[in-house]
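Since the structure comes first, as structure tokens, the remarks are kept for the end.
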Amino acid sequence: VPLQPAEAVVVGAGLAGAAAAASLARRGWRVRVLDGAAAPAAGASALPAGLMAPHYSADDNLLSRLARQGIGITLGQASSLLPEGADWAPCGVLQRRSRLVRTAMGPEDGTRPATPAQLAAAGLPPDAPALWHDRAAWIRPGALVHAWLRQPGVSFQGASAVERIARTAGGWSLTGPGGRALGEAALVVVAAAFGSRAWLEDGVDLRPVRGQVAYGRLAGLAPLAPFPINGQGHLLPRVPLDGEPCWLTGSTYGHDDADAAPRAADRQANLERLAELLPAAAAAVAPQFQAGQARDWSGVRCVSRDRRPIVGELQPGLWITAAMGSRGLSFAALCAEVLAARIHGDALPLDAELAAAIDLARFRPA
Ligand SMILES: Cc1cc2nc3c(=O)[nH]c(=O)nc-3n(C[C@H](O)[C@H](O)[C@H](O)COP(=O)(O)OP(=O)(O)OC[C@H]3O[C@@H](n4cnc5c(N)ncnc54)[C@H](O)[C@@H]3O)c2cc1C
């Protein structure tokens with residue numbers, strides 16, 4: 001039976017939680033978003049800037065189709081909520097590949113072989129295998145989180161780590177350390193990334209994947225590339241960070257590593273990865289690494305066993321949206337819309353196969 005909009009609480013103020021809050025608020029819920037940190041976007045969503053780009057696979061697999069669907073929703077949200085150029089830009093991306101197989105996507109997806117002019121503009125040889133994706137953007141995740149939290153009906157409450165979620169007559173009550181009461185709500189959505197484990201049943205694993213990016217000032221450098229490039233790693237050639245134009249490159253992958261502290265070895269790994277992806281850009285920024293001017297940001301991704309996000313009802317009125325992996329920008333808004341549509345019994349924004357592919361139920365015994 002679909003719930004009637006009332007008070008809801010979302011646990012976790014990253015991309016997943018903020019998106020869920022906004023989707024519920026659009027349907028009339030009054031949503032309080034709690035986070036253990038003092039300010040929103042304190043976890044992986046504190047990433048200074050990220051890339052949202054289609055996931056190309058020769059057979060157009062589930063992840064590719066999910067990402068495509070999600071990108072459409074995030075592009076719509078970003079264009080209505082964020083100032084272009086400051087917090088995001090729908091700039092397209094050039095994707096380097098080891099070889100070019102026939103693309104399974106049609107032109108309507110905005111994906112096609114890169115043109116000689118695009119390759120030349122990126123400083124790549126004319127025979128370099130590469131795709132061009134129109135439907136790609138860089139986005140500052142924290143800006144999107146803040147924008148979602150500013151939507152009418154949404155409020156944020158920091159310094160409110162949730163330890164316990166217990167059933168009450170009318171829904172759920174939440175408590176923090178020392179039994180501090182954090183409120184009651186008819187509907188609770190757990191969007192706490194790795195911190196969601198406490199409320200998951202056996203058989204649904206969440207794993208940490210640590211990652212680090214490097215970034216630095218563009219001042220004094222020749223332009224690195226006219227658009228973002230990805231492949232094994234990525235380069236955002238121009239994003240405003242810390243109040244000035246910067247380049248940003250990444251990312252490292254530390255599987256089963258939940259340590260969010262920056263590491264010198266990862267900084268070096270980021271420079272080496274860039275040297276493979278775009279040698280001229282790596283040569284241009286290398287002096288900043290040598291002079292100790294390259295800055296680091298590191299965080300911890302949360303992934304499920306099959307790398308797809310998890311959306312579902314843990315118990316009646318207690319929902320989860322988590323495991324955004326390396327693609328929170330592609331998946332958070334999609335998962336939020338699926339979650340809200342399922343709660344309301346509305347039509348889903350994706351087909352039944354894709355809905356099943358992110359459903360919590362896939363991990364439950366048949
Ligand atoms: C190095 C790196 C590079 C990346 N690059 C990209 C990229 O280019 N493009 C892209 O799309 N994605 C990228 N990602 C992934 C992206 O950052 C994540 O997918 C996304 O931020 C996850 O959002 P989330 O809301 O699920 O988790 P988080 O942002 O981690 O939010 C979870 C929140 O829950 C809170 N919390 C946890 N437990 C509790 C509790 N018990 N009570 C209250 N609050 C709690 C935490 O404080 C945190 O704020 C990258 C990640 C890393 C690490």
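Order of listing sets the numbers, starting from 1, for every ligand and every atom in it.
With values rounded to the nearest 0.5 angstrom, R68 atom CZ is found 8.0 Å from T111 atom OG1. In this structure, CG in N270 is found 6.5 Å from CZ in F289, a value given to the nearest 0.5 Å. Here R327 contributes atom CZ and T74 contributes atom OG1; the two are 12.5 Å apart, rounded to the nearest 0.5 Å.
The existence of a salt bridge linking R364 and E201 is confirmed by a sub-4.0 Å separation between a basic side-chain nitrogen and an acidic carboxylate oxygen. Checked for salt-bridge contact, E276 and R96 miss the test: no charged N lies under 4.0 Å from a carboxylate O.
The backbone N or O of D359 lies less than 3.5 Å from a partner atom in the side chain of R362, making a donor-acceptor pair. S298 places a side-chain N or O within 3.5 Å of a backbone atom of A260 that can act as its donor or acceptor partner.
Close contacts between ligand 1 and S160 involve ligand atoms 43 (C) [criterion: under 4.0 Å to a heavy atom]. Within ligand 1, the atoms closer than 4.0 Å to a non-hydrogen atom of G325 are 15 (C), 18 (C), 19 (O), numbered from 1 in the order shown. Near G328, meaning under 4.0 Å from any of its heavy atoms, are these atoms of ligand 1: 10 (C), 11 (O), 12 (N), 19 (O). Taking every non-hydrogen atom of R327 and a distance limit under 4.0 Å, the qualifying atoms of ligand 1 come out as 10 (C), 11 (O), 12 (N). The contact set between ligand 1 and G50, taken as ligand atoms under 4.0 Å from a residue heavy atom, comprises 7 (C), 8 (O). Residue G43 has at least one heavy-atom neighbour below 4.0 Å for each of these atoms of ligand 1: 29 (O), 30 (O), 49 (O). Set against the non-hydrogen atoms of G211, the atoms of ligand 1 under 4.0 Å away are 1 (C).
The protein heavy atom nearest to atom 31 (O) of ligand 1 is G14 CA, 3.6 Å. Looking from atom 51 (C) of ligand 1 to the surrounding protein, the closest heavy atom is R301 CG, 3.6 Å. Among protein heavy atoms, atom 10 (C) of ligand 1 sits closest to S326 O, 3.2 Å. Annotation: atom 6 (C) of ligand 1 to nearest protein heavy atom, L47 CD2, 3.5 Å. When only non-hydrogen protein atoms are considered, atom 28 (P) of ligand 1 lies nearest to A44 N, 3.7 Å. Scanning the protein heavy atoms around atom 36 (N) of ligand 1, the nearest turns out to be A192 CB, 3.8 Å. Nearest protein heavy-atom contact of atom 27 (O) of ligand 1 is A193 CB, 3.4 Å. For atom 8 (O) of ligand 1, the nearest protein heavy atom (residue, atom name, distance) is L51 N, 2.8 Å.
Checking only distances, A16 does come within under 3.5 Å of ligand 1, N or O to N or O. The shortest N or O to N or O distance between W199 and ligand 1 is not below 3.5 Å. Any N or O atom pair closer than 3.5 Å counts here, and L329 shares at least one such pair with ligand 1. Close N/O approach between V213 and ligand 1 is not found [any backbone or side-chain N/O within under 3.5 Å]. For the pair D35 and ligand 1, the shortest N or O to N or O distance falls below 3.5 Å.
Looking only at side-chain heavy atoms (C-beta outward), W88 and L75 come within less than 4.5 Å of each other. By the 4.5 Å heavy-atom criterion applied to side chains, W148 and V33 are not counted as neighbours.
A cation-pi arrangement is present between R167 and W172 under the rule of less than 6.0 angstrom and at most 45 degrees off the ring axis.
Of the heavy atoms in Q212, only backbone atoms (N, CA, C, O) come closer than 4.0 Å to ligand 1.
Listed by first and then second residue, the ring pair (Phe, Tyr, Trp, His ring centres under 6.0 Å) pairs involving residues 303-330 amount to none (not counting sequence neighbours). Judged as a ring pair (Phe, Tyr, Trp, His ring centres under 6.0 Å), the pairs with a partner in residues 196-228 (not counting sequence neighbours) are, in order, W132-F227.
Remark: the H344 side chain and the W29 side chain contain an N/O donor-acceptor pair separated by less than 3.5 Å. Side-chain N/O atoms of T252 and Q212 include no donor and acceptor closer than 3.5 Å.
For the pair A161 and ligand 1, a heavy-atom separation below 4.0 Å is found. Taking a 4.0 Å cut-off on heavy atoms, P141 fails to register as neighbouring ligand 1.
Within the set G70, G36, S45, A19, the minimum heavy-atom distance to atom 44 (N) of ligand 1 is found for G36.
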